[in-house]
Amino acid sequence: MTIASNETPLIFEHSRAGRRAFAQAPERSAVGNIPAGLRRKDKPTLPEVSELQAVRHYTRLSQKNFSIDTQFYPLGSCTMKYNPRACNTLAMLPQFLGRHPLANDAHGQGVLSCLHDLQDILKEVTGMKGVALAPMAGAQGEFAGMAMIRAYHDARGDTARTEVLVPDAAHGTNPATAVMCGYKVREIPTDDQGDVDFEALKAAVGPQTAGIMLTNPSTLGVFERKILEISSLIHEVGGLLYYDGANLNAILGKCRPGDMGFDVIHMNLHKTFSTPHGGGGPGSGAVGVSERLLPFMPIPLVLKEDEKFRLATEKDRPQSIGRMSAFTGNVGVLLRAYIYARMLGKEGMVRVAEYATLNANYIMAELEKAGFDLAFPERRASHEFIVTLKRQSKESGATVTDFAKRLLDKGYHAPTTYFPLLVPECLLIEPTETEAKEDLDGFIQAMKDIQVEADSDIDQLRGAPYTMPVRRLDDVRAARQLDIKWLPEKGEAA
Amino acid sequence: MTIASNETPLIFEHSRAGRRAFAQAPERSAVGNIPAGLRRKDKPTLPEVSELQAVRHYTRLSQKNFSIDTQFYPLGSCTMKYNPRACNTLAMLPQFLGRHPLANDAHGQGVLSCLHDLQDILKEVTGMKGVALAPMAGAQGEFAGMAMIRAYHDARGDTARTEVLVPDAAHGTNPATAVMCGYKVREIPTDDQGDVDFEALKAAVGPQTAGIMLTNPSTLGVFERKILEISSLIHEVGGLLYYDGANLNAILGKCRPGDMGFDVIHMNLHKTFSTPHGGGGPGSGAVGVSERLLPFMPIPLVLKEDEKFRLATEKDRPQSIGRMSAFTGNVGVLLRAYIYARMLGKEGMVRVAEYATLNANYIMAELEKAGFDLAFPERRASHEFIVTLKRQSKESGATVTDFAKRLLDKGYHAPTTYFPLLVPECLLIEPTETEAKEDLDGFIQAMKDIQVEADSDIDQLRGAPYTMPVRRLDDVRAARQLDIKWLPEKGEAA
Amino acid sequence: MPFIPHTEQDTTAMLSAIGADSINDLFDEIPAKLRDVDLSAIPAGLTEQEISRLMHERAAQDGQLQCFIGAGAYEHHIPAAVWEITTRGEFYSAYTPYQAEASQGTLQLLYEYQTMMASLNDMDVSNASLYDGATACAEAVLMAVRANRKSKSKKVLVAGTLNPHYRVVMDTITRHQGIELVDLQWDDASGITPVDALAEYAGADIAAVMIQNPNFFGRFEEIDAMTDWAHDNKALVIAVCNPTSLAIITPPGQWGSAGADIACGDGQPLGAPMSSGGPYFGFITCKQPIVRQMPGRIIGRTVDMDGKPGYALTLQAREQHIRRSKATSNICTNQGLLVTAATIHMSIIGPDGLAAVAEHSHANTQKLVALLTEIDGVKARFEGPTFHETVLELNQPVGAVLARLADAGIAGGFALARSPNAEQAKLDDCLLVCATETKTTADLEAYAAAMKSVLSQQQRAA
Amino acid sequence: MPFIPHTEQDTTAMLSAIGADSINDLFDEIPAKLRDVDLSAIPAGLTEQEISRLMHERAAQDGQLQCFIGAGAYEHHIPAAVWEITTRGEFYSAYTPYQAEASQGTLQLLYEYQTMMASLNDMDVSNASLYDGATACAEAVLMAVRANRKSKSKKVLVAGTLNPHYRVVMDTITRHQGIELVDLQWDDASGITPVDALAEYAGADIAAVMIQNPNFFGRFEEIDAMTDWAHDNKALVIAVCNPTSLAIITPPGQWGSAGADIACGDGQPLGAPMSSGGPYFGFITCKQPIVRQMPGRIIGRTVDMDGKPGYALTLQAREQHIRRSKATSNICTNQGLLVTAATIHMSIIGPDGLAAVAEHSHANTQKLVALLTEIDGVKARFEGPTFHETVLELNQPVGAVLARLADAGIAGGFALARSPNAEQAKLDDCLLVCATETKTTADLEAYAAAMKSVLSQQQRAA
Ligand SMILES: Cc1ncc(COP(=O)(O)O)c(C=O)c1O
Ligand SMILES: Cc1ncc(COP(=O)(O)O)c(C=O)c1O
């Protein structure tokens, strides 16, 4: 409808010199003793608009987004489930928002107790021996994890370990992280059932192996069945196991990375623990560790002593890999995760995995019946699974992108496309546990309808989307004719 | 765009027996000692949905509305200006929300002091001698006002006054209210300049005149120039003057009803004092009175005694017309109005009238230049003015409804249509002070473009709107084939 | 200039387009002597930061008591989602849905609301809200008098157990239309209206009988017998109900053999915070045949030019903007945003959730009454079951006890001595208490402990 | 089952479609010995009402101190509209905008953000956020080392006046990549880095020089001389800035004759509440030629199939999901929602508003320092002007003083003894204070009065 489909001018186009939301800032005043030479002479290009103009502009912009609150969003690997509103409301209580990070612990017993309890809950549900909440997203959790592995080897004088093993299905953050921690990455292939190719793995391990980074269930949507064998193999050669917890939703309360033999794990609290993704973040990548990595955990940690809570420092944790953020990490995100965890409770944790898995297997079964090819038809889906359009794309020319864009027209966010890289023309579909059967059915029907369209009217399909604020965007031009900042002289939207 | 343009099923269509937002209510429990015979046997048709389903449904529904936060909304007589967000946030502080209306005054000094200060501010800005905040909307304020006029006459034993004078341009609530207060309504015609026809008025007044209900500036968008003469005339015959404050925005801080000689006035705080209209309400119709009506004000009033605040009761105010609501009126609305009034301050009040009037006169001037006919071309606009499409409708066949619907397509809410009733094919246009020149220019351009379309492609115009969630609706069918409740057996949206 | 976007250039350009020299010129039609306004008594404008600080200070003055007061306003858990969605700009800052095509969000929601409210009352139709429970009762009386074509009397019998705050508003509003409201006395032992009280009116011309159930004392009226009596005597029945109770208590549509004709009340328990008294919203529902006598807005489902379903205001010919002096009511602005909240609230908690809330509120009140009546000097005033409010009798002046409880952070209930209904006010040692589902056992015990301590101190002091 | 919509019938139907007997069967590929999890140590689930009560209790424990701490996190007024819009579901509950056509809201907002942030720093380009100021500094170092093709050394000179919390994180993150961070000592009298301190590195292979201005002590560095020195010596310049200061202080793009090459910092002062340390967001901006070395997401404007403008992620070939082990950083999830808030915040307050905030924060800090240094036992530690933070020296142990001030409801500042930078920690009688525009004169006076009373009591006790 019109509300959002008109082109929306940039906020700068509403700007007029001297306009301002006058209730929102004091009048200008003298600059006191700051020497003129240190002062800015030009005016930065911030918009000069009224409060109403800003409110209207951003309210309208918001309407141009798909989101969990408005659409089914089966984005594989991303766990787009309902973000309970109470988590936001309660994490934003004024005392929580108003506390300075360097205020003393005595005036922070409330927030610290929540963080401490969250550490405990995450320990229990992952089976790890310690949990640190410092990392600010999954990738930073990975960094903390790999840095701990490195610190462990270093502490033992075991410095010949230069290599980290990463399955070819891994998320890009895994190899990128290993490199940031000074390791070389060796890719391990996947077998035709979606498991790690065990023989290849055996061939790859050795004294140079610092560790392996795995996610289980993997990004292929299947549970790594030989996980215990892999764990023994790596440990035997002196390596450690890293668990990428992006897929923890699949097994929450059903089985635990700690029991599988992992030494370190990060959790994406913005996935499994339902903190919102906010159009890109923030997240939280809390890490859990086994006994041997306890000394190396990042700080701060919340300690409980005599019923009082305090933040551990370098003094308490001399072997720590250090700090990941200026202060205490994404505390507001952690509060949301804590509230969510308490609302789930022990009974609720396991239901997450159960119904997420039920939903994924249901869509998988129905799509298979409808003639779609599964990447791993003989496997159970975990909380997600992969459809490959390789055959169709040959038959009709319809690509994964075509399907994705057409789904938008039908009111569904597209699944993850072209990831993992090793499955051609793939869609990674993750419905999550918070979606109802009839919404899954709607999505299944949409997929079938698009298939019909692919077979009957490929040009129509290729033109999708038709009902979004814009049609398919020119990515190549975006990179070639780089326009990443509005310039006053550019004037009206080019 | 798709987000909202799909037909949205009713919430009941998402309902499944046994589904529920389980975090939101305790488990069912025994009904204790309530006898079985008193208990309900059937289940009411409330939806059984998950929390996500409810959130998604109503978030999507909201996107189908035009609103101040998303569109220019020049709805005459309605003062659709920016509702500052802080007013909402601060009126919803937990202590305000959590206070029971029957809690003692000692635990309500904060809220009562705000209401008391608001009474004072409204007194000053209207020039009245007392203000009562009890009425819950304009129409209830009118009722309170007319009931006070009646109580005044009755208290003086002056019971022969049976008639209330109402200009033909008046809002429907005026005559409806007069009747609820037991009066007969006599309509007074308007002269060709938009003023009350003074000769007709003179002829109509007499010992039977209880009073007159006026709004000034009137709903014709012009200031009643003979107001002082009218006031003398009515007072001479022993009648009282009622001021319908719906248009107070036009004169805020510029001139005062009290100074014009009005005896009672209601204010629509949801207009002039910018509390949100909420898709239909709530409002607040605070009333202000002259000296002689002070004893009759509705209760409760907030009294200040020894720096403490308390609510006046029947004992304090034996001649009061009584209570308008179970408790203290729409307190939350009053808090919003208070916050807004304090943010405006004395300097801000007058700017409201000034810029609201500037905006209206500007659009009026530009539309006149563009060939539109004004209802009163020789008059200044107040904060609003009237365009009449009588000529065009003859020439091209385009009606006010056609213009209104086409404006929606262009992203503007329609002005008020076909009101006041005495001007044929009229649009009552009120931009308010919070809209910027370029948005007014956009609206003016849209009006011109529609005129062009009216002259060139009337069928296209008649088909509008095209970009809303629905096209023009069949009002006749709505009234004839009454469907005002969903029935399970109706099934899918009929 | 807070909230005003005009730059100096804008203003200049606009004035020149108008052909005026200054903004002041635009006011030149206003008589000069009116144009000199002194606003010096109004304080200067505050920034948002300043007003924010002020309002936080004022809010802090009010504190936050543990609330055991009911009497027409009830503390219930409101899901966080309710007001987060309700205050979205598109709902919050929209006007009445006069342009239906650009208001389908609000209109569909109201249609859903009408469905829920009608069903909760088991009545045929609902309007889209009135101001509050009290004005809903007043409008219901006016409506009944209009609707009862068989009656000429404009006489309405009103159970004396009606919420007294509603009763006084009914006086204010119906006073000028020749309506006669006759109060029925309740039975002193049971706190309900004896059907016998009606006997004296048998055969008289009565337009309607108004009954609140559960009544103001929390007690259950003999709704079936009263309803049948009214219908036998050609009077309409106006039911007044708390919507929470309707999840588990016989709804008005099922009273007696034919059901009530009009059912109304206050929607506050469905998602509106207590807020010192408002905004709440009044609901009114009725039987189909008298829908054209209904006051207020009604939304209907219809179709657009393409035959696609959509929603619009309907039956507007009842309303003041069309019918003017002959309208069913003068109401225009209603309580739309509260209805928005209530609709979302009902959707989230659902029929089972609402029933659970009712059950727990009932159970908590029973528990509280049991704890309190164990204390020396406290006993239940009326015999028989209650819903979620109960009248207790103290052996000491209630006002002083409540003041002491408030010092201990407890809003202990409503002193019936403060009832604006003079008959009720005679129950001057009585206290109406209420404990909703928001109270834990610890809360109830804390109240009982505080009461015990207050009573024993007062006793000692006396 | 909170948050799970499945009815029993749904579950049964779905299992039968799958061909499984029970949900448990769906986990049959998991080795049996892993499938027996004991969660008994986790508490049972709470309803929203219960968790709400718990969180309110915990929040109350923290209280609300008057805050005079800065040191990297600043209390500023945040317009109410900022978070009301930011937490709208469409922003709050959206993922990273991978499907551009269904994410134009977030994408256009980010494009606007990039414009504002680049302009505030007077740099060519901005990314769409990093985690926080500390990690932004670490990424800036890695980026500079990659970007400075002329340098082989991976050696970066870092002003010792850099925020010490940033400095330790830089260690954590850059440690494994052969980076050498060399700290420069400040001048003891003025609290700034003497240009002379650089002399010893003249002609050496230095990849970059990092300077914070205003520095951690609130003092202004000799940015022009340092920048020119660096460029003369083929080193890049990394500027670290507080965005509030940029409204009135020379921005990095104007440092020296060529401007800094990379400018970064923490965006918290632009609309993020202090929240015990997060979530905030890191910003990073740079000169156009090195944009391909930038970490994190970048949004570009492009056109759609119809030639209509639109926005999309661009230059993704730098990122981990494409470049994997060769990416410019491993960052994936960033701090998008905080950037949303900051963009709305900057739009509402505008350039003049931000300048006014900076000016008032400066003036308030000056006033506070004047009041405090009137007290016996308090003096300014460094000579010269400061922005909105100043180091004071007390004649008593700072820790004890702060504890007493906290009892009086005042968070009095940051004790430099707690600095993780050992050199800074030597300033162990020193206190870093900050008074932003949120403080009234009465607040400043109350702080001074409390300080006076605490110091005189401590003196007496000693
Ligand atoms: C499998 C996997 N690993 C790691 C990550 C990185 O997590 P984050 O985005 O929180 O940095 C993701 C997130 O997309 C992921 O899907
Ligand atoms: C001129 C006029 N008078 C009275 C009213 C009635 O006010 P309310 O809707 O608040 O009852 C209105 C509102 O539309 C109006 O425009």
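Every chain is numbered from 1 and lettered A, B, ... according to where its sequence line falls, protein lines coming before strand lines.
With ring centers used as reference points, His413(B) lies 6.0 Å or more from Tyr95(C).
If you measure heavy-atom distances from Phe3(C) to chain B, the contacts under 4.5 Å come from both the backbone and the side chain. Only the side chain of Gln254(C) comes within less than 4.5 Å of a heavy atom of chain B; its backbone N, CA, C and O stay farther away. In this structure, no portion of Asp120(B) lies under 4.5 Å from any heavy atom of chain C. Of the atoms belonging to Ser93(C), heavy atoms from both backbone and side chain fall under 4.5 Å from chain B. With a 4.5 Å cut-off on non-hydrogen atoms, Lys33(C) touches chain B through its side chain but not through its backbone. Glu124(B) touches chain C through backbone and side chain together, each having a heavy atom under 4.5 Å away. Looking at Ala247(C), only its backbone comes within 4.5 Å of chain B, counting heavy atoms on both sides. With a threshold of 4.5 angstrom between heavy atoms, Leu75(B) approaches chain C through side-chain atoms but not through N, CA, C or O. Using a 4.5 Å cut-off between heavy atoms, Leu93(B) touches chain C through its side chain atoms alone. Of the atoms belonging to Arg418(C), it is side-chain heavy atoms, and not backbone ones, that fall under 4.5 Å from chain B. Residue contact with chain B, scored on non-hydrogen atoms closer than 4.5 Å, involves the side chain of Thr135(C) exclusively. Contacts between Met80(B) and chain C at a heavy-atom distance below 4.5 Å involve the side chain alone, from C-beta outward. Of the atoms belonging to Pro26(B), heavy atoms from both backbone and side chain fall under 4.5 Å from chain C. Looking at Cys67(C), only its side chain comes within 4.5 Å of chain B, counting heavy atoms on both sides. Contact of Ala411(C) with chain B is not made at all, since no heavy-atom distance falls under 4.5 Å. Proximity to chain B involves both the backbone and the side chain of Tyr280(C), based on heavy atoms less than 4.5 angstrom apart. At a 4.5 Å heavy-atom cutoff, the contact between Glu435(B) and chain C is made by backbone atoms alone. Interface residue Leu228(B): only side-chain heavy atoms are found under 4.5 Å from chain C. Of the two parts of Ala178(B), neither the backbone nor the side chain holds a non-hydrogen atom closer than 4.5 Å to a non-hydrogen atom of chain C. There is no contact between Ala341(B) and chain C, counting heavy-atom distances below 4.5 Å. Interface residue Val185(B): only side-chain heavy atoms are found under 4.5 Å from chain C. Proximity to chain C involves both the backbone and the side chain of Ala139(B), based on heavy atoms less than 4.5 angstrom apart. Residue Glu27(B) touches chain C through its backbone alone, counting heavy-atom pairs closer than 4.5 Å. Within the 4.5 angstrom heavy-atom criterion, only side-chain atoms of Tyr73(B), from C-beta onward, approach chain C. Both the backbone and the side chain of Leu246(C) come within less than 4.5 Å of a heavy atom of chain B.
Counting heavy-atom pairs closer than 4.5 Å to chain B, the top-ranked of the candidates Ile331(C), Leu120(C), Val168(C) is Leu120(C). With chain C as the partner, the residue from Ala137(B), Pro298(B), Gly348(B), Ala103(B) showing the most heavy-atom pairs under 4.5 Å is Ala137(B). Interface remark: of the candidates Asn83(B), Thr177(B), Asn104(B), Thr177(B) forms the most heavy-atom pairs closer than 4.5 Å to chain C. For the options Val350(B), Val179(B), Thr45(B), heavy-atom pairs under 4.5 Å to chain C are most numerous at Thr45(B). Contact count against chain B (heavy-atom pairs under 4.5 Å) is highest for Leu109(C) among Leu109(C), Val339(C), Asp122(C), Ile298(C). Annotation: maximal heavy-atom pairing with chain C below 4.5 Å, among Ala404(B), Gly182(B), Cys114(B), occurs at Cys114(B). Heavy-atom pairs under 4.5 Å with chain B were tallied for Glu57(C), His165(C), Glu90(C); the largest tally goes to Glu90(C). Note: Ile69(C) leads Ile69(C), Asp10(C), Asp28(C) in heavy-atom pairs under 4.5 Å with chain B. Counting heavy-atom pairs closer than 4.5 Å to chain C, the top-ranked of the candidates Ala147(B), Gly278(B), Ala25(B) is Gly278(B). Contacts with chain B were tallied for Pro273(C), Pro279(C), Ala71(C), Pro385(C); Pro279(C) has the most, counting heavy-atom pairs under 4.5 Å. Of all the listed residues (Gly105(C), Ala60(C), Ala100(C), Ala81(C)), the one sharing the greatest number of non-hydrogen pairs under 4.5 Å with chain B is Gly105(C). Of the listed residues Gln481(B), Met92(B), Lys405(B), the one with more heavy-atom pairs under 4.5 angstrom with chain C than any other is Lys405(B).
Side chain of Arg150(B) to backbone of Cys181(B): a donor-acceptor contact under 3.5 angstrom is found. Asn361(B) contributes a side-chain N or O that, together with a main-chain N or O of Ala381(B), makes up a donor-acceptor pair within less than 3.5 Å. Asn65(B) contributes a side-chain N or O that, together with a main-chain N or O of Thr106(C), makes up a donor-acceptor pair within less than 3.5 Å. Judged by distance alone, with hydrogens and angles left aside, the side-chain atoms of Arg40(B) form no donor-acceptor pair with the main-chain N or O of Pro251(C) at under 3.5 Å.
Of the charged side-chain nitrogens involved, none lies within less than 4.0 Å of a carboxylate oxygen, so that Asp474(B) and Arg477(B) do not count as a salt-bridged pair. Using a 4.0 Å cut-off between a side-chain N of Lys or Arg and a carboxylate O of Asp or Glu, Glu101(C) and Arg472(B) do not qualify as a salt bridge. Using a cutoff of 4.0 Å between basic side-chain nitrogens and carboxylate oxygens, Asp352(C) and Arg20(B) are not scored as salt-bridged. A salt bridge does not link Arg351(B) with Glu433(B): none of the charged nitrogens is closer than 4.0 Å to a carboxylate oxygen. Using a cutoff of 4.0 Å between basic side-chain nitrogens and carboxylate oxygens, Arg301(C) and Asp483(B) are scored as salt-bridged.
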Let's go through His171(B) and Phe419(B) carefully: what are the C-alpha distance in whole Å and the side-chain angles of both, what is the deciding distance for ring pair (Phe, Tyr, Trp, His ring centres under 6.0 Å) to 0.1 Å, and is it a yes or a no? CA-CA 8 Å; His171(B) 194 260; Phe419(B) 173 80; 5.6 Å; yes
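We find the OG-NZ distance between Ser126(C) and Lys485(B) to be 9.5 Å, quoted to the nearest 0.5 Å. Taken to the nearest 0.5 Å, the CE atom of Met180(B) stands 11.5 Å off from the CD atom of Gln320(C). Between the CG atom in Asp124(C) and the CD atom in Gln114(C) there is a gap of 13.0 Å [rounded to 0.5 Å]. The OG1 atom of Thr343(C) sits 10.0 Å away from the CD1 atom of Ile11(B) when rounded to the nearest 0.5 Å. Atom-to-atom distance recorded for Gln366(C):CD and His360(C):NE2 is 13.5 Å, nearest 0.5 angstrom. Ile34(B) contributes atom CD1, which lies 6.5 Å from atom CZ of Phe387(C) (distance to the nearest 0.5 angstrom).
For the side-chain hydrogen bond (donor to acceptor under 3.5 Å, both in side chains) test, residues two or more places apart in sequence or in another chain that qualify with Tyr82(B) are Glu51(A).
Inspection of the Glu142(B) and Thr173(B) side chains reveals an N or O donor paired with an N or O acceptor under 3.5 Å.
The environment of NZ in Lys43(B) is crowded: more than 12 heavy-atom neighbours from other residues, nucleotides or ligands sit within 6.0 Å.
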